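Please read these numbers as outputs of a predicted model, since none were measured by experiment. Proteins come first, then strands; the chains are lettered A, B, ... in the order of their sequence lines, and each starts at number 1.
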Amino acid sequence: MLRITGGRVYDPANGVDGVVKDVCIADGRIVPQVEGGRTIDATGLIVFPGGVDIHTHVAGAALNFARGLTPENMRRGLPFVHTKDLRAGLGGVTPTTFATGYLYAGMGWTTVNEAAVPILSARHTHEELHDTPIVDKSCLVLMANNEIVLDLLEAGEVERATHVVGWLIWAAKAYGVKAVNPGGVAAWKWGKDAKVLSGPIEGYSSLTPAAIIAGLAKIVDDLKLPHPLHLHCNNLGTPGNVSTTLETLKILEGHRAHLAHLQFHAYGGNDWGTIRSEAAVLAEYFNTHPNLTTDAGAMLFGDTVTITADGPLEHLLHQLSGRKWGNVDVENETGCGIVPHTYKPSKLVNAVQWAVGLELLLLINDPWRVFLTTDHPNGACFWRYPEIIRLLMDAEFRKEQIKALPPETLNRTALADIDRQYTLSEIAIISAAGPARALGLSQKGHLGVGADADVALYEEHPDSGILFEYPRYVIKGGDVVVEEGQLRNVSNGRQFLVHPAFDDQIEAYLRPLFQKVYTMSFDNYPVEIERLQEPDIKPCA
Amino acid sequence: MITLTLKEQPNVPLEAEMLSPDVMAALTNDEIRALPVYLGKRRRRLDDFFSVEGEKSDELAIHGDVVKVKWIGRGMTRGRITVASSVGMHLGAHMKGGSIDVSGNAADWAGAEMSGGVIRIRGNAGGQVGAAYRGSLSGMTDGTILIDGTAGLEVGMRMKRGIIAVGGLVRDFAGLQMKGGTLVLRSGAELRTGAWMVRGTIISLKPIKLLPTFSYASTYNPTFLRLYGRHLGALGFTLPYEDGDGAYQRYSGDACVPGKGEILVWKPPAT
């Protein structure tokens with residue numbers, strides 16, 4: 001039992017905005033009252049619900065490939081030395097599994113959603129998530145280039161496709177569906193991309209990216225998954241791609257959807273020389289369409305490594321930058337590309353990207369529908385979130401930063417004209433309450449009675465970047481994991497998944513297909529539930 | 001002067017990056033003795049392996065066979081280290097200034113990713129001298145490495161600036177993916193010299209086997225060699241550059257990158 005007393009509580013989901021009140025915890029949950037037990041004096045501290053990262057890449061085959069491909073980044077990573085409580089590991093751009101848990105918890109984040117898992121490497125992903133301590137986890141499976149699903153959509157067999165998607169989610173022990181560059185990765189296997197939403201995909205006679213987007217959005221709604229279709233649009237990162245993004249949003253009308261890392265999809269201009277921000281156009285669309293949520297995918301300057309299932313994009317990036325390139329073909333399901341990247345403030349393209357991420361966060365009016373992410377590690381590393389919070393909360397600081405960028409940035413973006421400053425309550429929404437709600441995790445992101453006791457206590461500081469960098473206390477599931485700024489007590493996290501309703505007979509359809517085209521036998525394909533650490537199956541309703 | 005004498009040969013390589021003037025310059029004898037070294041994963045004291053005489057100096061003299069001691073002079077910015085025998089791997093890696101003088105041989109990765117200072121190896125060197133560590137974009141970015149004896153594989157790999165001069169024969173892939181700087185080979189090199197080189201200069205005083213992606217450009221006497229010759233001459237390393245010393249055949253490449261590097265092969269004067 002634990003009582004946090006005297007702190008200013010920010011719990012926007014329950015309408016609590018900076019009120020000094022007690023937070024009581026028993027059996028890992030928030031309760032109305034406790035008698036006895038430990039008391040933490042939080043006088044002078046602010047009390048936040050534990051952060052929720054709706055889109056990050058922290059585990060799995062692609063990330064592991066990136067770790068191996070970039071030893072130069074690992075060498076520069078913050079070392080975690082083995083102690084009685086902590087396992088050894090490295091921080092840096094692609095932290096090792098244990099370090100990932102320590103770094104998230106050490107920042108006050110307690111739930112993470114691994115956003116791109118091929119079913120074929122789901123077992124590997126779960127093994128890594130198993131070794132990612134403290135935080136609760138969920139993962140999304142890649143579906144928009146899965147050849148079995150695509151063949152069914154082309155044949156118009158949406159009902160059977162729904163059963164297949166349901167079966168595949170359960171086989172991967174996943175929480176939801178991710179679509180990456182719909183059709184584009186399948187086309188990449190022919191050396192092509194899918195740049196036109198209404199055009200047929202290479203290797204198919206009539207199937208279009210638009211049909212995949214509409215089909216998957218419907219399937220996810222029909223399966224009643226708690227998290228809507230999680231979509232990485234076509235034409236990521238290319239000048240003028242805002243038209244593709246808007247076309248995608250129109251296809252999604254009438255469905256729920258979450259648009260991932262919108263920063264990479266909000267560019268105007270005709271080429272790299274004329275690239276400009278179109279964040280305002282997208283923000284206006286979002287402001288009038290409550291069916292949608294998004295995460296910023298904000299970019300910060302510095303070294304990182306880009307990891308995505310979007311194989312053709314990574315090839316383009318490799319050609320543009322000349323940096324080393326890794327490419328993976330995941331049989332019939334998806335692909336993957338990896339290229340290290342350095343975002344430089346002196347480069348106009350990067351300056352525009354930096355501004356677009358912030359513009360989206362500032363111009364979308366409803367903080368409940370735009371969330372704090374960097375598409376870790378693509379835009380920047382997750383442990384740099386406090387830097388973004390400072391840019392959002394301090395307009396003066398933001399304007400100072402713009403001055404250091406190429407002067408042309410001012411003509412290409414509207415960031416210098418935006419005076420909005422986030423309040424602490426709004427930060428709590430974009431970092432915890434909003435993403436938890438979008439993920440459909442009702443016990444996360446708030447401090448109401450019955451919620452998971454995930455709480456972060458920060459010391460008040462005029463510089464919000466410093467405020468959020470090192471929480472004084474972090475409580476995860478009722479355990480005090482960070483105490484006086486030190487990681488003390490390392491607990492294991494739970495794993496959220498869903499078991500959607502599907503017809504068991506679908507196995508009779510899938511088995512022969514598998515035996516014909518997969519390198520893995522059908523019986524070895526699904527991940528056993530025993531492999532998951534503390535599985536928590538969420539209802540589909 | 002601080003004198004360190006090895007008293008017990010470690011059974012596995014000893015990681016001793018504190019053997020650097022920057023670390024020891026302000027320390028008393030007792031503090032130096034207590035400095036941590038790593039024997040495998042175990043933390044030990046420096047005086048478990050070395051006897052230490054002297055204190056508070058930026059001149060270090062290391063005695064005894066330290067062939068299993070790694071990272072000597074890592075990241076040093078000033079002062080001088082002299083080693084009376086052969087040294088282990090990563091000598092002077094990331095070094096920024098000062099000088100190191102080794103009487104014996106040096107193992108792999110001497111001067112890797114260094115950015116300043118002088119390393120002199122009077123015996124032979126291993127591979128990856130002045131090179132980039134795996135994955136890094138560039139190797140040494142400035143400074144001078146002089147090797148009297150032979151050197152191993154991938155000497156000057158991805159180096160960006162600075163000079164490496166080798167007296168003896170150099171093994172394969174000298175100047176691999178070189179981005180700048182100068183590599184002087186007094187006794188030539190084995191195979192694939194300058195493979196993937198983007199920029200930079202490799203000077204060989206012996207005929208060498210060239211990759212087919214290097215093409216002959218001209219025979220001339222580069223003006224800059226007078227400057228380099230004098231600089232290296234002052235360090236005891238002679239280059240033929242005077243009138244009547246012959247000429248250099250210039251080969252440009254590596255065309256498969258495509259690169260703007262050059263290999264200059266000395267042609268002695270006709271007698």
dist B/Arg134:CZ -> A/Glu72:CD (nearest 0.5 Å) comes out at 12.5 Å
Rounding to 0.5 Å, atoms CG (A/Asp303) and CG (B/Leu137) come to a distance of 8.5 Å
For residues 136-145 of chain B, the side-chain hydrogen bond (donor to acceptor under 3.5 Å, both in side chains) pairs (sequence neighbours left out) are A/Arg75-B/Ser136, B/Glu113-B/Ser136
For B/Lys7, I'd like to know if atom NZ has over 12 heavy atoms of other residues, nucleotides or ligands within 6.0 Å. yes
Q.
Is it the case that over 12 heavy atoms from other parts of the model lie below 6.0 angstrom from the CZ atom of B/Arg250?
A. yes
Nearest heavy-atom contact between B/Gly135 and A/Pro71 is CA-CG, 4.0 Å
Contacts under 3.5 angstrom, residues 311-319 of chain A side chains, donor-acceptor by atom type, not counting sequence neighbours:
from, atom 1, to, atom 2, distance (Å)
A/Glu314, OE1, A/Thr306, OG1, 2.9
A/Glu314, OE2, A/Thr306, OG1, 3.0
A/His318, ND1, A/Arg323, O, 2.6

